[in-house]
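Proteins get letters first, then strands, A, B, ... in listed order; numbering begins at 1 in each.
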Amino acid sequence: MSIPPKAEQKLVILAGNPNSGKSTLFNQLTGLNQRVGNYPGVTVDRKTGTLHLSAEQEVTLLDLPGAYSMYPSSKDERIVVRQFLEEKKQPDLIVYVADVSQLEKQILMLTQLKDLGYPVILALNMVDMPGVTIHADQLEEHFKIPVVPISGKTGIGVMALKLQIVHLLSHPNNTEDSYYKFSLQEKQLTEYFGDKIPFPSAYGKLLTLHHFEWLDHLGEELKSEIRSKTIGERFNSIQSQISETLSRYSRFTPIIRKALHLDEGGAGMKITDRIDQWVMHPVLGVIFFFLIMLLIFQAIFAWAAGPMDFIESTMGQLGALIRGTVPAGWITDLVCDGLLAGLTGILVFIPQIAILFFLIGILEEIGYMARAVSMFDVMMRRIGLNGRSIVALVSGGACAIPAIMSTRNISNWKERLITIMVTPFISCSARIPVYAILIGFAVPQGRILGFEQQGLALMGLYGIGIVAALVAAYVLKQIIKSEDRSFLMMELPIYRPPVPKNLFFLVFEKTKSFVLGAGKIILIISLVLWFLASFGPGPSTSNPAGESLSTETRQRPPLEESYAGILGKTIEPVIRPLGFDWKIGIALICSFAAREVFVGTMATIYSIDDDSDVTSIRTHMAQDRNPKTGLLIYTAATTWSLLIFYVFAMQCMSTLAIVKRETKSWKWPIIQFVMMTSLAYLGSFVVYQLLS
Amino acid sequence: MGSALRNASELHPNETSHIIRFEDMIIAGKLMAMGILPHAQIEMVRRNALGQTLIYRINSRFKIALRKDEAQTIIIQGL
């Protein structure tokens, strides 16, 4: 193999501000050779890729999350500092990306990274924008680093950048002298600690003095020494940070003002202002936002239906094909009803995920999302959410899975967590079949004030879900503690056309992360559910041990004699106060695969062959009577109770799987399950007791 | 000049002033890293409907959204 082993591969880090076009360049440089992982402890994507420099040289490229400086104010932002101070694998080169039209405010971190002692290239992005003139040579002379004008979107200058990377990897340009002139105190302190702080450059030692409390690679002994020394010397971290920042700016601002000429209103500023007049208008802006949300909702809801049906029918045909060719037996059942059903349960979400992220991607790329967030910040913050939470809540109306995945961009952990916790309260499309089949038992047909009664009841159910989400958010806001201070302070970038390549990678990545990240859990749970529904201890399965493992035709027990059926009967005393019998109990258990399974389970219970024959299912349910009392089962009280249960309860294994993936622990999905299901029990209990 | 200093939340839409200093050191650190420094020109672009989120333009170059309490820590030149 000509490719050297990974350990020897050189590491190049792509760094820069948010909105510098860093990710576009990353996609341009790595193409399909990229992987997304996670940083330990936080849920920020860690994007790495392979960069081919020549036939015999390739390096690892790491796309660092966008940051403004080496002084982070939240846990997530600390990643950037950790990458340099804590990681053993030090970068061989940093490619610093800056938007040329915003150069003055994007260069601070460049000087900090240079002072850390790394070889640096400055990639001036978006040089193809109209109204921008830049003298790169003046910047090269001042910063003493190569400056390459590029366009991440069109690929202009990318070849030159690669050549420069090759050159610097063999001839590093890092220097000892610091761009920032240390204060006397900073100089004395860093020299005092010297080699005790395991970072070669003086600026790295200084940053360690600022951030030692949360740097994990330092020993407790060293930490307490730094603590007592900095307190003794009255080292004021925040004061020192501010004078450092001011000193850096005062050095480079005059240089940049000389080297860069921007036409009045150029670089898209004029158009941006015109669009903002409408889009950020206090009234029109809100209407515009909700129109966009309506479009997103409509898209996930309606556009995904075709592909979803296609996936389901294809998998159904595949199952039928297997049944037709392979002799019947429990293995065939396992493959068709367990494995294929589980696989369908994973694949069926892909259209919704792809459509949602495609649309969200466009909104982010063009720069609209920042505006939407700023508009709704106040309102959402009062109930513990974030402006971006609205997108999740609206998409939750179609499906909670993509909605929860979309919270990745909420940078405040507490606000993100609350959004994840409350989104499943919003009635998703899987609840509709259940509502549709039940609502007739609770509300007779007819009109009130010209409105269809059943329609009003359906709206009411949606309304209850929305209120539950908002109230739960408010309650969680009071309960969950957070050490991060919450800020808005958000840049509103210039409007830009979306880069198709970026959208492609976003959709691809999100789909992949769902299938690989949550798919395993979904598959396991569906196998368990299949087992519970297909096997039972009863006499009809009294095959001698061992024989039951043969592929011989084996009589499947009726659902009520299966483990699921027994479980349904076992929980009957618990759910009786809600007006539910054991049949509903079985349906509740099986619904855990997906809520709409309720309908299919009812079909099985009443031995209706075609589970799409809703009328027949409804007729059977309407005639069903309690064998002891002889009373109808689906009275208004029981039906309302069941409807309320479906509004509140966490009955979706896929949602729990994705919550586990997004919060990186079982703690939150378990809390969510308990919270939602208890609320459902309580709600149903109250409703049933009041109505019966 | 000469009149009392104001904070940035007291600007009227389309009114321009200059930043004198910051009251909150943490916010100052963040704002400065984003390119908002003392002496910078600051123009209020608009307030949202509730007046709680304020949009500013800095040095005629870029726009930023601030919460009212964040804007109140930015001290600007008086009338």
Novice: Heavy atoms only: give me the nearest A:I242-B:A28 pair and the separation to one decimal.
Specialist: CD1-CB, 4.0 Å
Novice: Who among A:V373, A:D377, A:T245 has the most heavy-atom pairs with chain B under 4.5 Å?
Specialist: A:D377
Novice: With side chains defined as the heavy atoms from C-beta onward, is the minimum distance between B:I27 and A:M489 less than 4.5 Å?
Specialist: yes
Novice: Answer with side chain, backbone, both or neither: which region of B:I26 has an atom nearer than 4.5 Å to a non-hydrogen atom of chain A?
Specialist: both
Novice: Rounded to the nearest 0.5 Å, what separates atom NZ in A:K105 from atom CD1 in B:I36?
Specialist: 8.0 Å
Novice: Taking the six-membered ring of A:Y68 as reference, does the cationic atom of B:K30 (NZ for Lys, CZ for Arg) lie under 6.0 Å from its centre and within 45° of its axis?
Specialist: no
Novice: Tell me which of these, A:L488, A:I107, A:L246, A:L492, has more heavy-atom pairs under 4.5 Å with chain B than the rest.
Specialist: A:L488
Novice: Tell me the closest heavy-atom pair linking B:N48 and A:M375, and the distance in Å.
Specialist: ND2-O, 3.6 Å
Novice: Output yes when a side-chain donor or acceptor of A:E491 lies under 3.5 Å from a complementary backbone atom of B:K63, and no otherwise.
Specialist: no
Novice: Between A:S486 and B:R67, is any side-chain donor less than 3.5 angstrom from a side-chain acceptor?
Specialist: yes
Novice: Whether the side chain of B:E70 engages the backbone of A:F487 through a donor-acceptor N/O pair (distance < 3.5 Å, no angle test) should be reported.
Specialist: no
Novice: Does A:Y249 reach the main-chain N or O of B:G35 with its side chain, forming a donor-acceptor pair under 3.5 Å?
Specialist: yes
Novice: A:R248 versus chain B, heavy atoms under 4.5 Å apart: side chain, backbone, both or neither?
Specialist: neither
Novice: Against A:S374, only a single residue in B:I64, B:L66, B:T53 fulfils side chain to side chain contact (heavy atoms under 4.5 Å, CB included); can you say which?
Specialist: B:T53
Novice: Given that the side chain runs from C-beta out, which part of A:M109 has a heavy atom under 4.5 Å from chain B: side chain, backbone, both or neither?
Specialist: neither
Novice: Please rank A:I238, A:N17, A:T272 by heavy-atom pairs under 4.5 Å with chain B and give me the top one.
Specialist: A:I238
Novice: Tell me, side chain or backbone of A:E77 under 4.5 Å from chain B's heavy atoms, or both, or neither?
Specialist: side chain
Novice: Give a yes or no on whether a salt bridge exists between B:R46 and A:D276, defined as a side-chain N under 4.0 angstrom from a carboxylate O.
Specialist: no
